[in-house]
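Structure record follows, encoded as structure tokens.
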Amino acid sequence: MFAQRRRHRYYRRLRRLVPCISSIFGALLICYSLLSFFAPSIDSDHLPYRPRHRSSFKIEPDDATSVPVFRIPRGGGRSHRDIWSSKDSKFYYGCSNASKNFANAEAVTHPDRYLMIATSGGLNQQRTGITDAVVAARILNATLVVPKLDQKSFWKDASNFAEIFDVEWFISFLSKDIKIIKQLPSKRAGKTLTPYTMRVPRKCSERCYQSRVLPVLLKRHVVQLTKFDYRLANRLNSDLQKLRCRVNYYALKFTDPILEMGKRLVHRMRMKSKHYIALHLRFEPDMLAFSGCYYGGGDKERKELGAIRKRWKTLHTSNPDKERRHGKCPLTPEEVGLMLRTLGYGNDVNIYVASGDVYGGEETLAPLRALFPNFYTKDTIASKEELEPFSSFSSRMAALDFIVCDESDVFVTNNNGNMAKILAGRRRYFGHKPTIRPNAKKLYRLFLNKGNMTWEAFASKVRTFQRGFMGAPNEVRPGRGEFHENPSTCICEDSEAKLTTGPRKYGKGYNVTSDEDLVSDDQNVDDEPEWLDPDWLDPDDDNEEDGPELKSVYNGTVWDYDAVNSEEPELEEMLSD
């Protein structure tokens with residue numbers, strides 16, 4: 001009886017607890033349902049990044065966003081290519097000898113025809129003018145008077161031809177091609193010789209010279225062509241193109257003082273390391289003002305660069321973002337440094353920087369210096385006393401930079417000025433040494449978004465975008481682009497060596513380092529850069545015959561003075577190198 005009462009009390013308590021337990025479980029079920037409804041779904045694309053392989057740098061997820069942090073490695077990492085040379089370069093060599101059909105100068109030069117040339121711009125712009133002047137004289141079967149250098153330009157250099165180039169070598173080396181004299185005779189056959197001054201259109205062809213200049217030359221006997229830069233067509237017959245190469249790569253030799261100082265600078269860079277990179281930065285205030293680009297400096301930058309732009313009335317107001325999107329802006333020093341790091345160059349690499357006063361000074365250069373502490377200029381590797389004979393002459397100082405950049409293992413150009421063009425062509429001719437041109441159009445957005453990706457993803461994209469912009473053979477189809485930077489007529493392929501991997505042939509310049517077999521990155525034909533043939537015309541020439549004015553576009557980065565109105569020569573000259 002007693003046991004039955006106990007069981008009855010137990011069941012009664014249990015019945016009272018059931019509703020409570022049910023209420024608790026019901027509440028928990030409701031909470032779980034709500035959490036499941038509002039919680040985001042699991043997406044593999046948003047999982048924290050975990051590097052698959054060990055590397056020399058760390059990528060740690062940000063606690064707030066779980067997005068990988070952009071970590072720049074100190075070293076260049078392992079590369080699938082030789083970063084100091086170009087693939088297949090050993091199968092190509094410079095070939096600029098005249099054919100058997102190219103008659104000797106004595107047989108074709110008329111005694112009563114004299115051609116005088118007045119060049120314009122800085123050192124390298126004048127170099128193109130001198131090179132083309134020799135070819136123009138040959139077309140006209142005239143005697144060439146040693147060209148006059150521009151002494152009134154933006155560069156304000158009073159040097160004459162003989163103070164920069166070895167004039168005796170210039171005359172003797174080309175003696176079989178054309179006759180060259182130092183000065184115009186005052187009289188000929190009893191008659192006083194007075195030059196007739198005229199100008200030819202941009203990119204004047206062989207037929208153009210024969211139809212425009214030759215009739216005047218036959219009548220006046222002496223013609224002086226002014227503002228002579230890019231006044232010769234890009235496409236000529238093979239012998240005339242090869243003559244261009246003989247002038248540019250052999251006849252135009254710097255004077256001994258310039259050569260000796262240049263070799264000294266190269267030697268000092270070599271003493272620091274086996275390899276070095278030369279960087280033509282071109283980040284001066286004038287260049288940035290002309291570009292119309294904006295680099296995040298706020299009202300201060302807009303005001304400073306805007307004031308410089310007002311010096312040239314013809315510069316239109318530009319859209320800075322549009323300019324960068326179209327690849328018309330130079331990379332910042334930091335962006336150049338990041339690009340080089342992605343291409344495999346670690347912080348132990350030595351860099352020689354050829355540049356004027358950088359906009360923003362040391363603050364702008366600081367990120368590049370942080371990436372590459374071994375940072376040198378001619379002012380840091382030479383004393384003031386050594387540079388004193390050259391420092392008052394911009395062209396002679398530019399010549400020193402030219403030599404150090406030409407002798408570098410890798411040359412990086414941040415613009416499309418004349419120095420970049422001349423050096424790119426010369427380095428192709430003498431062994432296809434790597435010449436890196438930033439693919440600014442594609443790199444622009446990548447630099448903007450680098451904070452939203454890992455270093456590995458960023459580096460992979462940069463390497464992809466830079467295919468076809470590294471100075472390797474066959475990057476650009478023969479005949480495309482400016483001849484001075486792509487002298488395809490003067491570069492031959494050693495097909496036998498390509499089959500047998502035999503020895504390599506070379507032309508000889510003033511190189512101070514020995515040539516080595518070169519190997520480099522793969523080429524992707526789909527990424528081959530589109531070079532527009534810059535046969536645009538001078539705005540002040542009213543009767544052009546070669547077509548409408550074109551806008552120059554080169555590998556995404558545009559820096560061409562030809563698009564500038566010639567009524568403002570200072571701007572054109574400032575942009576020339």
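A side-chain donor-acceptor contact under 3.5 Å links Q241 and R244. With 3.5 Å as the limit, one finds no donor-acceptor pair spanning the side chains of R437 and T413. Judged purely by distance below 3.5 Å, without hydrogens or angles, the side chains of R127 and N248 pair a donor atom with an acceptor atom. Donor-acceptor pairing under 3.5 Å is recorded for the side chains of D157 and S159. In summary, the side chains of N439 and Y444 do not present any donor paired with an acceptor at a separation below 3.5 Å, with no hydrogens or angles considered. Side chain to side chain, D286 and Y359 fail the donor-acceptor criterion of an N or O pair below 3.5 Å. Side-chain atoms of D132 and Y230 include no donor-acceptor pair closer than 3.5 Å.
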Task: salt bridge (Lys or Arg N to Asp or Glu O under 4.0 Å) between R264 and E386, intermediate numbers included - done: CA-CA 10 Å; R264 199 176 307 166; E386 288 176 308; 3.4 Å; yes

Task: From CA spacing to verdict: side-chain contact (heavy atoms from CB on, under 4.5 Å), N486, V476 - done: CA-CA 8 Å; N486 184 32; V476 183; 4.0 Å; yes

TODO: Start with the C-alpha gap between I436 and L340, add the side-chain angles, then the distance that decides, and say whether side-chain contact (heavy atoms from CB on, under 4.5 Å) holds.
DONE: CA-CA 9 Å; I436 300 175; L340 290 175; 4.2 Å; yes

Task: Residues L371, R341; criterion side-chain contact (heavy atoms from CB on, under 4.5 Å); working and verdict - done: CA-CA 8 Å; L371 287 165; R341 185 58 51 81; 3.9 Å; yes

- [ ] Mind running side-chain contact (heavy atoms from CB on, under 4.5 Å) on H280 and M419 for me, showing each step along the way?
- [x] CA-CA 9 Å; H280 193 211; M419 181 171 173; 3.7 Å; yes

Task: Full working for ring pair (Phe, Tyr, Trp, His ring centres under 6.0 Å) between F161 and F170 - done: CA-CA 10 Å; F161 187 100; F170 180 72; 5.0 Å; yes

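Ionic pairing of R369 and E362 is present here: one or more N-O contacts between side-chain nitrogen and carboxylate oxygen are shorter than 4.0 angstrom.
Remark: the backbone N or O of M470 is paired with a side-chain donor or acceptor of E475 at under 3.5 angstrom. A distance-only check finds no donor-acceptor pair linking the side chain of K450 to the backbone of F458 [under 3.5 Å].
For Y345 and F372, the ring centers sit 6.0 Å or farther from each other. For Y276 and F411, the ring centers sit 6.0 Å or farther from each other. Aromatic ring centres of Y249 and Y429 lie closer together than 6.0 Å.
The aromatic rings of F402 and F254 sit perpendicular, their planes meeting at an angle over 60°, well past the 30° parallel limit. Using cut-offs of 30° and 60° on the angle between ring planes, the pair Y295 and F283 is perpendicular.
The SG atoms of C490 and C245 lie less than 2.5 Å from each other.
A cation-pi contact, defined as under 6.0 Å to the ring centre and within 45° of the axis, is absent between R396 and F390.
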